[in-house]
Amino acid sequence: MTYVLLVLLTSVCGGLLTWGLQKKQRMLHYPFLSGAVFAGWVLPQLLGLSANPDNFPHEALDKTIFMTLLCVGSCYIGHYLNKKPFSKFHWSFNRKRLLIAATLLSLGGSYFFYRVSALADETAGLWTGIITIFVFLSSLLSIGLALSLAIHIRQPSRWSTVIIIFDVAFYLHRIIFWGRRRFLVELVLMIGLALWFRYRKLPPRLMVIAALIAGALWINSIGDYRAAVMSDTPGKVNAINQIDFVGNLQNLLTEGGHEMANATYNIAAFDSRGNFDLGVSHWNRFVHLYIPGQLIGFDTKESIKIQINDSASELFYHEAHTGSTATGISDSFQSFWYFGAIKFLIISYIMRSFFRAANQGHFLAQVLLMLVFPGSLEAITHNTDRFFMLWPRLIVFLGPAILYSKVKC
């Protein structure tokens, strides 16, 4: 049964990629890009895990593959079901005020980017306390970049160009010297969307295919890359050149990965116990991100969270590998059993609505699409909170800039 499910999953992922490559515009749609993540990151791990199915509880791997199938299918169904573009807040904006807002957001974000860099060495990778607040506030820079790009594609100017170059420099630092996948994906998507909205042009299909293959190789070797660039020893370039990108992918295909192993144990545990959280995990994440323990006290903060047991640890003594994630596939199942795939249907439906509006010149839709697209893909690799918990932050940080720049009738 495992191999039948894997063949089905491979076929569905291949179908989404083929669908996206048929028309250039589709290469910026959520089903295509999510299909690339499932095909290049999830599928290799599942193929590797399938070589040793006895390492997991009975039928656990089959349940995980089936849940993955439902999530992949939901990414297309949500896109297909949406028939109307986002039509709210289709306002006119004062260009000068937008540029002022983008400048202030970029300067504020750059300060916290710098502070994170300065504190990172002191914390030795254990990020708690003040550095997590700085990481949170550094997202101001992303909002400033999205605003400046949306302004620039309408009417290029030196002012917007300077903001874009300034912001991109910080992104390149995180990508090159820290090996941060999110910043690479976010930067590529922002620029790709801006070019599409301005010129209606995208790279040739063969170049996109080559980029997806290169991305799969790089992402699955990110641990080695980070170890090379963040090492204190000389010879970083040689260390990067010695990374066996193909070999790392081959190991993944034969041994599997930590993330989908975590998902497999979690799915087996929650299916066995039936103690689904019904979405409560999103409330806990909201409390974690947006209610400061420094103000109300950390004990009080923990007390307003709703306890969710670590069923995988309690039942199977499984401990997640440090730095690994549980995946959005797992947290969707944890919430609503197999019906949890509806989370990806909702994400895809929203993304389609914003893309339709952005394609018609809706300024706010263009900005929002640039900002939430990375989170929609991290909903697969990390957890669905990466998408759903973005919105309070955007309301707090982007909202004032939009209201300040809105032209009053």
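The first residue of the sequence shown is numbered 1, and numbering continues consecutively from there.
- Looking at residues two or more places apart in sequence or on another chain, you find no ring-ring contact (aromatic ring centres under 6.0 Å, His included) involving Tyr114.
- Ring pair Phe387/Trp391 is perpendicular by interplanar angle, where above 60° counts as perpendicular and below 30° as parallel.
- Partners of Phe32 under the ring-ring contact (aromatic ring centres under 6.0 Å, His included) rule, at least two apart in sequence or in another chain, do not exist in this structure.
- With 3.5 Å as the limit, one finds a donor-acceptor pair spanning the side chains of Asn309 and Gln307.
- Arg115 forms no cation-pi arrangement with Phe134, by the criterion of a distance under 6.0 Å to the ring centre and an angle within 45° of the ring axis.
- Each salt bridge (charged side-chain N to carboxylate O under 4.0 Å, His left out) pair with one or both residues in residues 60-76, not counting sequence neighbours, appears once here: Lys63-Asp271.
- In summary, the side chains of Ser117 and Arg174 do present a donor paired with an acceptor at a separation below 3.5 Å, with no hydrogens or angles considered.
- Distance alone, capped at 3.5 Å, is enough to place a donor-acceptor pair between the Asn94 side chain and the Lys96 backbone.
- Scored by the ring-ring contact (aromatic ring centres under 6.0 Å, His included) test, Phe170 finds Phe113, Phe166 as partners (sequence neighbours excluded).
- For the ring-ring contact (aromatic ring centres under 6.0 Å, His included) test, no residue two or more places apart in sequence or in another chain qualifies with Tyr111.
- In terms of modelled atom types and a separation under 3.5 Å, the side chain of Tyr30 and the main chain of Ser376 share a donor-acceptor contact.
- Evaluation of the salt bridge (charged side-chain N to carboxylate O under 4.0 Å, His left out) test over residues 383-401, restricted to residues two or more places apart or in two chains, returns Glu378-Arg386.
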For residues 204-216, run the donor-acceptor check on the side chains, cut-off 3.5 Å, and write out each pair with its distance to 0.1 Å, sequence neighbours left out.
from	atom 1	to	atom 2	distance (Å)
Arg205	NE	Leu21	O	2.4
Arg205	NH2	Gln22	O	3.3

Solution key, residues 222-230 side-chain donor-acceptor pairs under 3.5 Å, sequence neighbours excluded:
from	atom 1	to	atom 2	distance (Å)
Asp224	OD2	Asn248	ND2	2.9
Tyr225	OH	Ile176	O	2.8
Arg226	NE	Gly179	O	2.9
Arg226	NH2	Gly179	O	3.4

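- Residue pairs satisfying the salt bridge (charged side-chain N to carboxylate O under 4.0 Å, His left out) criterion with at least one member in residues 313-326, sequence neighbours excluded, are listed as follows: Arg273-Glu314.
- Ring orientation note: the planes of Trp178 and His173 are tilted relative to one another, at an angle of 30° to 60°.
- Residue pairs meeting the salt bridge (charged side-chain N to carboxylate O under 4.0 Å, His left out) criterion with at least one partner in residues 340-369, sequence neighbours excluded, are Asp331-Lys343.
- Listed by first then second residue, pairs satisfying ring-ring contact (aromatic ring centres under 6.0 Å, His included) with a partner in residues 3-25 read Trp19-Tyr76, Trp19-His79, not counting sequence neighbours.
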Using atom types as modelled, flag every donor-acceptor pair under 3.5 Å from a side chain in residues 139-158 to any protein atom, sequence neighbours excluded.
from	atom 1	to	atom 2	distance (Å)
Ser139	OG	Phe136	O	2.7
Ser142	OG	Tyr171	OH	2.8
Ser142	OG	Glu186	OE2	2.9
Ser148	OG	Gly144	O	3.1
Ser148	OG	Leu145	O	2.8
His152	ND1	Ser160	OG	2.7
Arg154	NH1	Ala150	O	3.0
Arg154	NH1	Gln366	OE1	2.7
Arg154	NH2	Gly361	O	2.8
Arg154	NH2	Gln366	OE1	3.1
Ser157	OG	Arg95	NH2	3.0
Ser157	OG	Ser160	N	3.3
Ser157	OG	Ser160	OG	3.2

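- Neither side chain, Ser311 nor Asn266, offers a donor N or O lying under 3.5 Å from an acceptor on the other.
- Using a 4.5 Å heavy-atom cutoff, the side chains of Asn383 and Thr327 are not in contact.
- Seen from the ring of Phe86, Lys84 does not count as a face-on cation partner, given the 6.0 Å and 45° thresholds.
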